[in-house]
Each structure stands twice: as C-alpha cells, then as structure tokens.
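These figures come from a predicted structure and were not determined experimentally. Letters A, B, ... mirror the listed sequences (proteins, then strands); counts begin at 1.
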Number of protein chains: 2
Amino acid sequence: MKDNSKISSAVIKRLPRYRRYLYDLQKKNVDRISSNELSNLIGYTASQIRQDLNNFGGFGQQGYGYNIQSLYNEISAILGLDQEYKMVIVGTGNLGQAIANYTHYYKSGFKVAAMFDVNPKLIGLRINDIEVLDYEMLDEFMKNNTIDIGIICTNKDSAQEVVDKLCAGGVKGIWNFAPTDLNLSDDIALENVHLSDSLHSLAYYINRNKQKDS
Amino acid sequence: MKDNSKISSAVIKRLPRYRRYLYDLQKKNVDRISSNELSNLIGYTASQIRQDLNNFGGFGQQGYGYNIQSLYNEISAILGLDQEYKMVIVGTGNLGQAIANYTHYYKSGFKVAAMFDVNPKLIGLRINDIEVLDYEMLDEFMKNNTIDIGIICTNKDSAQEVVDKLCAGGVKGIWNFAPTDLNLSDDIALENVHLSDSLHSLAYYINRNKQKDS
DNA sequence: TAGATTGTTAATCGATTAACAATC
DNA sequence: TAGATTGTTAATCGATTAACAATC
C-alpha cells in the first residue's frame with residue numbers, strides 16, 4: 001500500500017460509498033465488475049473510480065476488472081474497518097440514545113463502552129446494555145479504560161469542555177453531533193455531523209428549485 | 001440578488017457555517033466585521049469569504065467591512081430560513097424521535113406535521129405533541145396536507161418506497177438518514193446524512209494518524 | 001482627505017476527466 | 001492470440017488564493 005498520508009479528503013469521502021455498493025454486489029453473488037459497470041451503478045466516472053482506487057494500489061486486473069470480494073476487503077482495510085473501536089457517548093438525550101442504538105445494531109466493529117450524562121434521571125439507566133454514568137465520572141473512566149472514539153451528543157455550549165476531557169483521556173477520534181466547531185490537536189481525528197447545516201442546505205436547494213419552476 | 005442557479009455546492013455548504021458564526025457575533029453585540037477578522041474566526045481565507053459572499057451580491061462596504069446583523073439576515077434569506085417548512089418523519093425509531101425533538105427545540109421554522117411508522121407499538125403515541133400515524137395513512141395524509149420536506153428515518157430497504165410516496169405526495173425536499181442512495185427527480189432537493197459513511201471516514205483518519213505517530 | 005477594506009480580475013492550485021499504452 | 005480493461009500520464013475543468021483598483 002502506498003503512502004496514504006496525503007490523499008485528498010474528497011477521495012476518502014467516496015470510499016465508504018464504494019464499500020456500500022460492493023457490499024450489495026457481494027450479497028448478490030456477483031464476483032467481478034469493471035470500472036465502467038461500477039460507474040453506471042454508483043454514478044462516479046469510470047476514470048475517477050480507477051484514479052481513486054489507484055491511490056491505494058492496483059486492485060484490478062487488465063481485461064478482467066475488479067474482484068468484488070477482494071476489493072471490498074481492501075477498502076474495508078483501508079478504512080480501518082477490520083479493527084475494533086471502543087467508544088463513549090457523552091450526552092444521553094434522544095440523539096445520544098439513537099447513536100447508541102445505531103452502532104449497537106449496525107456497526108459491529110464499533111462498541112459503545114459507556115454513556116455519560118449530567119441528568120440524574122438518566123444516570124444509572126441501561127440503554128442496549130450500556131450503562132449511563134454520571135458525567136462527573138468521565139475523567140476517571142477515561143483513566144481506567146482505553147477509548148478510541150468520543151461521541152459528542154451534548155448541546156453546543158458543553159461540547160468543547162467535553163472534547164477537552166476526552167482528548168486528555170486519550171481518544172484518537174471525535175464524532176461530533178453538537179452544532180458547533182471544535183478545537184483539537186490535529187493528531188486527533190474529527191468528524192462533524194452538523195445536522196443544522198445539513199437542513200439549512202436542504203432549505204437552500206428547495207428554494208432554488210422553486211425559482212426554476214416559476 | 002444574482003442568478004443563484006449555478007453556484008457551486010462548495011459555496012452553499014459554507015453558508016450555514018457563516019451564519020452560525022454571525023449568529024454568535026450578533027449575540028455578543030458586535031456590529032461589524034471585516035473579511036479578515038471573520039477569516040481568523042472561521043478558518044476560511046478572507047479572499048474566499050469575499051468571493052463566497054459576492055456570489056449573491058455586495059453585502060459589504062469598502063473601508064468598513066460587513067454589518068453583522070444585515071449579513072446574517074441576507075444569508076438567512078439566501079438559505080430560505082425566513083420561511084416555514086412543514087415536514088413529515090417516516091420511521092419513528094430512536095433516530096426519528098431524536099430528529100423530531102431536535103427540530104422541535106432548535107429549528108423554529110421547521111415544523112413536524114406528523115410522524116409515521118409501521119410498528120403498532122408506536123402508532124398513536126405523541127412525541128413532542130406530534131402524532132405517530134400508521135404508515136398506511138401516509139398517502140392519504142399527503143393528499144390532505146401540503147408538506148415541504150420528507151425525512152427518511154427508515155431502514156435502507158424501505159427508504160426508496162417511502163421516498164416515492166413522499167415525492168408523489170408533493171414534497172420539495174428529502175432529508176435522508178437511511179444508509180442508502182435514493183433515486184428521485186432532480187427538481188426535488190435531496191440532502192443525505194450518511195452516518196455510516198461519516199463513521200467510516202473517521203475510522204480512516206484515526207488509523208492514518210496512528211501511522212504518522214509510529 | 002487618508003486609511004481601510006471591499007469587489008473583482010488574474011494566477012495558482014487541485015481535482016476530475018480523457019486518452020492510451022501496458023497487460024491480463 | 002485478440003479483446004477487454006486496467007493503471008497512469010496528460011489535458012481540462014473548477015475552486016481557491018492572490019493581487020489590486022475601486023470606493024467608502
């Protein structure tokens with residue numbers, strides 16, 4: 001595998017999508033596909049698909065195309081999905097609970113080790129067999145456990161403080177659902193899910209389409 | 001305002017973020033800001049900020065900068081946030097409920113008119129004063145109500161069918177949380193929130209950082 | 001007016017697409 | 001082998017950044 005350190009984020013964002021399509025093809029017992037056929041399915045140009053994949057090595061074979069099983073495995077490995085990740089969720093409101101459920105049912109490599117909240121009504125509950133702990137215990141918990149990913153489901157005002165604690169506690173990545181931008185050292189990965197921003201873009205396109213109609 | 005129909009999506013994705021920062025500045029009673037100061041806050045170059053804003057018109061003033069209140073209002077209007085949107089949520093599991101709560105508390109212009117599910121245990125419940133209706137009634141509901149946005153919180157297998165019904169029912173936009181790609185006419189806006197893909201990118205960057213360390 | 005800062009054009013940079021030689 | 005299709009280089013396209021004249 002080549003040096004991955006300077007591959008553009010545009011490429012990385014497409015990898016999970018390739019993987020989803022390859023997963024479905026695998027389920028259908030298809031065993032090979034050309035960049036051209038994949039292009040028709042997924043909507044990227046065949047040229048882009050070949051360029052993207054060649055960032056990581058030559059996974060195809062001239063005259064044949066790509067073996068679906070092995071390409072799926074390669075992409076999974078590139079993304080690091082052959083590993084396990086221990087996570088904590090901070091903020092156990094509806095969204096925190098939804099994420100806990102989601103990762104519980106769908107994402108086998110991603111384990112929620114604990115959830116934290118300040119609300120006494122939530123502390124002590126078990127959600128999908130995951131204990132909700134007092135936020136006061138976060139520092140101690142981080143000291144006694146190796147946690148890879150911190151998931152921020154708090155409001156925007158608490159988010160930075162929580163992130164600071166999690167980073168001090170040794171997480172390698174932050175999955176942020178709070179509607180704010182976070183400051184953290186750039187050796188810790190950060191992925192934002194800004195639901196507000198997403199909804200606001202949607203509103204823009206709704207109106208743009210309206211204008212086109214009239 | 002200029003013709004917005006060919007503004008790149010890179011620009012549009014930045015608008016909600018500008019708006020967030022302007023909102024905070026407004027709260028702090030700051031009344032003007034230069035592209036340079038805003039650049040220091042938000043992290044885009046001053047040049048990009050000026051380019052972005054000038055896609056929609058000259059909102060600044062030479063020698064002065066931008067008036068925060070009025071720029072905030074302009075961006076809100078560009079995004080269509082001066083309007084109301086009626087929404088339905090299909091799929092009332094944890095995620096559907098979280099979205100209902102979220103829009104209920106934070107997003108005053110976005111009203112959830114109804115929620116739908118196939119699960120008899122959920123049908124009839126009220127969540128934040130929003131009724132959970134039988135999915136069987138979706139078509140009829142859409143006939144009798146004007147709904148702007150359909151929110152997909154189903155599993156991936158049901159998503160396309162739901163979208164087809166919503167589009168037939170006249171929605172102008174789809175906010176998709178199901179982990180699949182949807183087909184719809186391009187006069188209907190589509191915004192995807194692919195949580196899987198997001199988590200998978202995070203995993204990639206965690207591993208890339210690990211490699212750099214060693 | 002002088003200084004500041006925009007609006008806008010030009011230059012650069014990066015990402016996508018096209019083309020084709022290599023090769024299975 | 002001949003046909004198909006990749007891997008990779010070159011060309012194009014688009015987005016970002018730099019520069020500066022316009023102007024408040």
* Asked: Taking the inter-plane angle between the rings of B/Phe141 and B/Phe116 on a 0 to 90° scale, is it parallel (under 30°), tilted (30 to 60°) or perpendicular (over 60°)?
  -> perpendicular

* Nearest to the side chain of B/Gln62, which nucleotide is it out of D/dT8, D/dC24, D/dT5? -> D/dC24

* To do: Verify the contact: side-chain N or O of A/Tyr66 to OP1 or OP2 of D/dG7, cut-off strictly under 4.0 Å; return yes or no.
  => yes

* To do: Determine the contact category for B/Arg32: base if any of its heavy atoms lies under 4.0 Å from a base atom, sugar-phosphate if only primed atoms, P, OP1 or OP2 are that close, otherwise nothing.
  => nothing

* To do: Given side chain to side chain contact (heavy atoms under 4.5 Å, CB included), test B/Asp181 with B/His194 step by step and report yes or no.
  => CA-CA 9 Å; B/Asp181 298 316; B/His194 285 323; 3.3 Å; yes

* Verify the contact: side-chain N or O of B/Arg50 to OP1 or OP2 of D/dC20, cut-off strictly under 4.0 Å; return yes or no. => no

* Report the distance from atom CG of B/Asp52 to atom C1' of D/dT17, rounded to the nearest whole Å. => 12 Å

* To do: Rounded off to whole Å, could you give me the CG-to-P distance for the B/Asn55 and C/dT6 pair?
  => 16 Å

* Asked: Expressed in angstrom and rounded to an integer, what is the separation of A/Asn67 atom CG from D/dT5 atom P?
  -> 15 Å

* Asked: Mind checking who C/dG3 pairs with, Watson-Crick or G-U wobble, both distances under 3.5 Å?
  -> D/dC24

* Asked: Any donor-acceptor pair under 3.5 Å between the side chain of A/Ser8 and the base of C/dA15?
  -> no

* Could you state the atom-to-atom distance from CG of B/Asn54 to C1' of D/dT16 in whole Å? => 15 Å

* If you pin A/Ser9 and A/Gly63 to their nearest nucleotides in DNA chain C, which one's is more 5'? -> A/Ser9

* Asked: For the side chain of A/Gln61 and the base of C/dT23, is some donor closer than 3.5 Å to an acceptor across the two?
  -> no

* Starting from P on D/dT9, measure out to CD on A/Gln51 and report it in whole angstrom. => 9 Å

* **Contact under 4.0 Å: B/Thr45 side-chain N or O vs D/dT17 OP1/OP2** => yes

* Atom-to-atom span, CG of B/Leu53 to P of D/dT17 - whole angstrom -> 15 Å

* Could you state the atom-to-atom distance from CD1 of A/Ile12 to P of C/dT16 in whole Å? => 12 Å

* No-H, no-angle donor-acceptor pair, A/Glu37 side chain to D/dT5 base, under 3.5 Å -> no

* Asked: For the rings on A/Phe59 and A/Tyr66, is their centre-to-centre separation under 6.0 Å?
  -> no

* Ignoring backbone atoms, test whether A/Ser35 places a side-chain nitrogen or oxygen under 4.0 Å from the OP1 or OP2 oxygen of D/dT6. => yes

* Aromatic rings A/Tyr23 and A/Tyr72: how do their planes relate, parallel, tilted or perpendicular, breaks at 30° and 60°? -> tilted

* Do any side-chain nitrogens or oxygens of A/Gln48 fall under 4.0 Å of OP1 or OP2 in C/dT16? -> yes

* Provide, to the nearest angstrom, the distance between the CD1 atom belonging to A/Ile49 and the P atom belonging to C/dA18. => 13 Å

* Mutual orientation of the aromatic rings belonging to B/Tyr204 and A/Phe56 [parallel < 30°, tilted 30-60°, perpendicular > 60°] -> perpendicular

* Asked: What is the base-pairing partner of C/dT8, counting Watson-Crick and G-U wobble geometry with both distances under 3.5 Å?
  -> D/dA19

* Geometric cation-pi criterion, A/Arg32 with A/Tyr64: 6.0 Å, 45° -> yes

* Asked: Mapping A/Tyr64 and A/Ser47 onto DNA chain D by nearest heavy atom, which one lands closer to the 5' end?
  -> A/Tyr64

